[in-house]
Structures are given as C-alpha cells and as structure tokens.
Amino acid sequence: MSRPIFSVKERLSALLQVVGGMLFLQFGSSYAKMLFPTFGAAGMVGLRTFFAAIMLMLFFRSWHNLSRRVLLLVLPYGLSLAAMNYFFYLSLGRLPLGTTVALEFTGWPDAKPGHGEWRTQR
C-alpha cells in the first residue's frame, strides 16, 4: 500500500485550518457567552448558524451548486449542527464556559452511544 505524499504547503495549510478552527471555536463561544443574556440559547443558535451560512457562501460560493439532491443531503446535517449548538448554549447557562467548551471540543465518553454497554460486558 502506498502512502500519500503531502507537500509542506499542504501540511502547513492543514495545520493552520485546524488551529484556526480551534481558535474560532473558543472565541466564538466566549463571545456568545457575552451575548447569551440578550438573545438566549435559541437566538444564539440562529445568529451563529446564519453567520456560518453567510461565511460558507462567501468563501465557497456554494449557491451555484445547490440542487434538490444536495439540499436533501445537507439539510439533516445542518439540523443536527443546529441542535448540537442549541444544547451547547443551553449548557452554557448551567456550566462554566471552560467546562462546556472542553466537553464540546473533546467529547464526553459517557455520552457516546454504546459506551455504557461496553462497560457492562467486561
């Protein structure tokens, strides 16, 4: 089996994208925490989803590729992201920002499907 060879430019680009994603996640969450009393959880999800859609359309010009098939594939994904953000913002009202972001970023092992079943089988 051959291994793919990536140039230094491709590796640096991937690293910058990951670090940029982490930074935007952290700063976006802290900014949302400040706006949370004004808009609430549902309002923050709407704002964040709206601005994410605008950014994607500007960067990738995705409106040219919209077809019924694409919309049927993207809609469930978008709804699941909106639900995830909604529950994230609900948790911001109950937990400290650092704890909430850490759980979102790393995931919580007990919340993963099948994790409890694996424990009982041992």
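Numbers here are sequence positions counted from 1.
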*Asks:* State which residues pass side chain to side chain contact (heavy atoms under 4.5 Å, CB included) with I54; sequence neighbours excluded, sorted by chain then number.
*Replies:* F50, L58
*Asks:* So, taking the atom named OG in S7 and the one named CG in L12, what distance separates them when rounded to the nearest 0.5 Å?
*Replies:* 9.5 Å
*Asks:* Output all residues satisfying side chain to side chain donor-acceptor pair (under 3.5 Å) with Y89, sequence neighbours left out; order by chain, then residue number.
*Replies:* R48
*Asks:* Report yes or no: do F24 and L103 belong to one cluster of Ile/Leu/Val/Met/Phe/Trp/Tyr joined by side chain heavy-atom distances under 4.5 Å?
*Replies:* no
*Asks:* Do you know the tightest heavy-atom contact between A42 and Y86?
*Replies:* N-CE1, 3.9 Å
*Asks:* State yes or no: do V8 and L16 share one hydrophobic cluster built from I, L, V, M, F, W and Y residues joined by side-chain heavy-atom distances below 4.5 Å, directly or via other members?
*Replies:* no
*Asks:* Measuring from T49:OG1 to M44:CE, what's the distance to the nearest 0.5 Å?
*Replies:* 10.0 Å
*Asks:* Who clusters with F6? Use side-chain heavy atoms, under 4.5 angstrom, across I, L, V, M, F, W and Y, and order the result by chain and number.
*Replies:* none
*Asks:* Quick check on the hydrophobic clustering: are L47 and M34 connected, directly or via other members, by side-chain heavy-atom contacts under 4.5 Å?
*Replies:* yes
*Asks:* Hey, could you give me each pair passing side chain to side chain donor-acceptor pair (under 3.5 Å) that has a residue in residues 34-46? Not counting sequence neighbours.
*Replies:* none
*Asks:* What residues, two or more places apart in sequence or in another chain, satisfy side chain to side chain donor-acceptor pair (under 3.5 Å) together with S13?
*Replies:* Q17
*Asks:* Which side-chain N or O atoms in residues 71-85 pair as donor and acceptor under 3.5 Å with protein atoms at least two apart or in another chain?
*Replies:*
residue: S80; atom: OG; partner: P76; partner atom: O; Å: 3.4
residue: S80; atom: OG; partner: Y77; partner atom: O; Å: 2.7
residue: N85; atom: ND2; partner: L81; partner atom: O; Å: 3.4

